[in-house]
Amino acid sequence: MIKAIHTSAARQLPGVLGVYAGADLAEYGTLKCIVPFKNRDGTPMKQPPRQALATDKVRYVGDPVAFVVAEDAA
């Protein structure tokens, strides 16, 4: 369960343009599947709602919870 993501220290670093967590992207909704894939039997593929970033709990190792936009990688 995600209790908090503290981004203030990252925001203060030189060259950082923005730091975003799941709550910051909530207004964009869930990820959309552009191509309508079908199952082997021809039925439509299930498309459960997926957020771009984890908002309430992390579901697997490597599940993204935040990202940083900066002028360079340093």
Undergrad: Got a list of side-chain donor-acceptor pairs under 3.5 Å for residues 4-33, not counting sequence neighbours?
TA:
from	atom 1	to	atom 2	distance (Å)
Thr7	OG1	Arg11	NE	3.0
Thr7	OG1	Arg11	NH2	3.4
Arg11	NH1	Val19	O	3.3
Arg11	NH2	Val19	O	2.9
Asp24	OD2	Ala21	N	2.8
Lys32	NZ	Thr30	O	2.8

Undergrad: Looking only at heavy atoms, what is the nearest atom pair of Ala54 and Val65, with distance?
TA: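 Residues Ala54 and Val65, closest heavy atoms: CB-CG1, 4.0 Å.
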Undergrad: Tell me the closest heavy-atom pair linking Ala52 and Pro64, and the distance in Å.
TA: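 Closest heavy-atom pair between Ala52 and Pro64: O-CG, 4.0 Å.
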Undergrad: What is the distance from atom NZ of Lys57 to atom NZ of Lys3, rounded to the nearest 0.5 Å?
TA: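 Rounded to the nearest 0.5 Å, the NZ-NZ separation comes to 14.5 Å.
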Undergrad: I need the Lys38 NZ to Thr43 OG1 distance, nearest 0.5 Å.
TA: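 Going from NZ on Lys38 over to OG1 on Thr43, the span is 8.0 Å.
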Undergrad: Run the side-chain contact (heavy atoms from CB on, under 4.5 Å) test on Ile2 and Val58 for me, step by step, so that the C-alpha distance in whole Å, both residues' side-chain angles and the decisive distance to 0.1 Å come before the verdict.
TA: CA-CA 7 Å; Ile2 298 174; Val58 176; 4.0 Å; yes
Undergrad: Hey, what else clusters with Val35 if you join Ile, Leu, Val, Met, Phe, Trp, Tyr whenever side-chain heavy atoms sit under 4.5 Å?
TA: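 The other cluster members (ILVMFWY side chains, heavy atoms under 4.5 Å, direct or chained) are Phe37, Met45.
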